[in-house]
Amino acid sequence: MTPLPHRLPGAMFDALAAGGGGAEAMGMLARAEHSRRLACVYAVVTAAREAGGAAAEAAEEAWELLVAADRAEPGAVAAVLTHPSAGPALLGLLTRLTGGETPPRMTMHRLTALAAAAAVRARVPAQVRWPAPGPVLALPSLGRAHFPGARPGAPVELRVDTDGHARLAVPGSAPVRVPTTPYRPESPPDRWRAPYLLTTLRTGAPLLLDTLDPASFPSASDRPGELHADEVRAWASGARGACALLRADHPEVHAELAAGPRLIVPLIGTGRGNVSGSSAETFGCMAMSLPQNGSVFAATMAHELQHNKFGALLHLFDLFEADGEELFYAPWRPDPRPLLGLFHGAYAHLGVARFWGRRSETEPDPAQRAAAQTRFARWRSATHEATVVLLASGRLTPLGRRFAARMLESLDALCRVPLPPAALRHAEAASRAHRSAWNDSRGSAPPLPV
């Protein structure tokens, strides 16, 4: 339960900056995120001790349970603390505690639920009690139980027997069995819901679809409720096709997926194309609407993997100076972006350009290959433009300049790949149309850096 120091070799840093990195780099970033979450847990417990009262009592109990689970099965604790929803939960608690607010014991249920989930996954005998937040009780990384009629503050009890069997109970309701499987079993227990298993990656790692835990991607307001069986089948079919494509033609991306983010949060589409997103504090999560085909599904995962990598890198290194209010044109957005947004978007679209470059070589269907060539031309040019702006901003640190310079080297190589004239014309027309629409939307506003 001690956060470890992490060193990123220069060659790995450069490989990440070039847009790749592979399983080794993603695994290293995942371990660093685990250490960061451990540090957050310790900071929460320390702040709660200083606050005293019920918050301190709840924090001590959770800490002792986490330590016991870690001694029995360290991987179980790591799986819980690196679950996407653990980041916002821990930071939310820490913000309240360090902001001078003493959370009541009921608010500390977020930390207790993390410890309880770790006990279940580690099969550590335990008896844990905490106040219910309402009728839905979530155990992060496992799922949630539904207790109709349970009011906020009702006493919850989790029991993990010596044989590893776990049950949740509240007064007035029958207990709910908690499976240790982190996805929906063939015959889920009554009133227990878990993420859906979409497919299994080459390493045996599961790719999951989670409609249950809002904290896994808290910024999304357009998420669907419980999915119908045909909707789940559509997601599973798309995921299988996308992962098969990645494994066959994009092995580095597939390896990164197997080593890092493996949780998809479904979003409701806008009807104007695919919607997707990632969050700095929810490493391991990719939010997206259902892509229209396997290639777009695979491209969306490649895009969000880049955001996940870059977010984790920013937890390790200062790549730019945070002060500065200037906004920049982003060739993929209708609105001007701060430097952080431009850097994030450029790195993500480097991955997109690499993806469509490979599809331009391997796509067997002529029409789809032509579409991939146009997308490749569009995004290599747009990302090159944005990366040049980053390097000229004057706000990158020495490491940030090294990172962006490696990005530019990778993009220079992509821009030298010959493409059919039609693909170049279509990409240039799309670029001009985007810039024109952006200029029109600004009206007479003062010019922004470009």
Side-chain angles (χ1 to χ4, degrees), residues 1-4 27 30-45 48 57-87 89-90 93 108-130 132 137-145 156-169 175-185 188-189 192-195 197 200 203-206 208 210 212-213 215-216 259-260 262-263 282-285:
M1 288 289 290
T2 301
L4 299 175
R31 291 190 296 274
E33 286 294 297
H34 175 224
S35 288
R36 187 171 186 271
R37 299 282 177 84
L38 278 175
C40 282
V41 170
Y42 187 74
V44 167
V45 173
E57 182 181 351
E60 291 291 352
E61 292 171 358
W63 176 257
E64 291 174 5
L65 187 56
L66 283 168
V67 169
D70 188 69
R71 288 172 179 160
E73 181 53 63
V77 177
V80 173
L81 294 186
T82 56
H83 189 265
S85 66
L90 291 169
L93 275 174
M108 298 296 293
H109 75 83
R110 298 174 184 175
L111 180 61
T112 306
L114 290 169
V120 172
R121 294 188 70 134
R123 298 176 179 267
V124 171
Q127 185 175 359
V128 192
R129 295 185 179 87
W130 70 97
L137 304 178
L139 292 181
S141 82
L142 288 171
R144 69 184 189 189
V156 181
E157 182 179 81
L158 170 75
R159 284 182 178 271
V160 184
D161 299 335
T162 54
D163 57 6
H165 292 160
R167 285 175 173 77
L168 272 172
V176 174
R177 180 169 61 88
V178 180
T180 56
T181 305
Y183 49 83
R184 191 165 302 211
W192 176 258
R193 295 293 180 267
L197 175 64
T200 302
T203 58
L208 304 178
D210 191 355
L212 304 169
D213 195 345
S216 291
R262 295 192 300 271
L263 184 73
T282 59
F283 180 84
C285 174

Task: Nearest-0.5 Å distance that lies between atom CG in Asp70 and atom CG in Leu81 - done: 9.0 Å
TODO: Looking only at non-hydrogen atoms, find the nearest pair between Pro140 and Ala138 and report the distance.
DONE: CD-O, 3.6 Å
Please tabulate, for side-chain N and O atoms in residues 71-78, each donor-acceptor pair with protein atoms closer than 3.5 Å (sequence neighbours left out).
| unit_1 | atom_1 | unit_2 | atom_2 | d |
| --- | --- | --- | --- | --- |
| Glu73 | OE2 | Gly75 | N | 3.3 |

Open item on the list: To check you understand the geometry: which heavy-atom pair defines the closest contact between Ser141 and Pro182, and what is its length?
Closed with: O-CB, 3.4 Å
Task: Pairwise side-chain contact, Glu61 with Thr112, heavy-atom cut-off 4.5 Å (strictly under) - done: no
Open item on the list: As an exercise, state the distance from CZ of Arg144 to CG of Leu137, rounded to the nearest 0.5 Å.
Closed with: 10.5 Å
Open item on the list: Measuring from atom CG of Leu66 to atom OH of Tyr42, what distance do you get when rounded to the nearest 0.5 angstrom?
Closed with: 14.0 Å
Task: Non-hydrogen atoms of His109 and Trp130 that approach each other most closely - done: CB-CD1, 3.5 Å
TODO: Could you give me the CA-CA distance, side-chain angles and deciding distance for Leu90 and Leu114, then say whether side chain to side chain contact (heavy atoms under 4.5 Å, CB included) is met?
DONE: CA-CA 9 Å; Leu90 291 169; Leu114 290 169; 3.8 Å; yes
Task: Contacts of type salt bridge (Lys or Arg N to Asp or Glu O under 4.0 Å), residue Arg159, not counting sequence neighbours - done: Glu157
Task: Gly143 versus Pro195, closest heavy-atom pair with distance - done: CA-CD, 4.5 Å
Task: Under the side-chain hydrogen bond (donor to acceptor under 3.5 Å, both in side chains) test, residues paired with Thr282 that sit two or more places apart - done: none
TODO: Provide the closest heavy-atom pair for Ala115 versus Ala62 in the form atom of the first, atom of the second, distance.
DONE: CB-O, 3.5 Å
- [ ] Applying side-chain hydrogen bond (donor to acceptor under 3.5 Å, both in side chains), name anything that partners Thr82, two or more places apart in sequence or on another chain.
- [x] none
TODO: Only counting residues at least two apart or in another chain, list the ones meeting salt bridge (Lys or Arg N to Asp or Glu O under 4.0 Å) with Arg36.
DONE: Glu281
- [ ] Give the minimum heavy-atom separation between Trp192 and Pro179, together with the two atoms involved.
- [x] NE1-CD, 3.3 Å
Task: Min side-chain heavy-atom separation Leu111-Val45 under 4.5 Å - done: yes
TODO: For Leu139 and Leu168, run side chain to side chain contact (heavy atoms under 4.5 Å, CB included): C-alpha distance rounded to whole Å, both residues' side-chain angles, the deciding distance at 0.1 Å, then the answer.
DONE: CA-CA 10 Å; Leu139 292 181; Leu168 272 172; 4.1 Å; yes
- [ ] Might you work through the side chain to side chain contact (heavy atoms under 4.5 Å, CB included) test for His83 and Leu263, ending with a clear yes or no?
- [x] CA-CA 9 Å; His83 189 265; Leu263 184 73; 3.9 Å; yes
Open item on the list: Could you work out, with side-chain hydrogen bond (donor to acceptor under 3.5 Å, both in side chains) as the rule, every residue matching Arg262, not counting sequence neighbours?
Closed with: none
TODO: Take Val178 and Val160 through the side chain to side chain contact (heavy atoms under 4.5 Å, CB included) test and state the conclusion after the steps.
DONE: CA-CA 9 Å; Val178 180; Val160 184; over 6 Å; no
TODO: For the pair Asp161 (side chain) and Asp163 (backbone), establish whether a donor and an acceptor sit closer than 3.5 Å, ignoring hydrogens and angles.
DONE: no
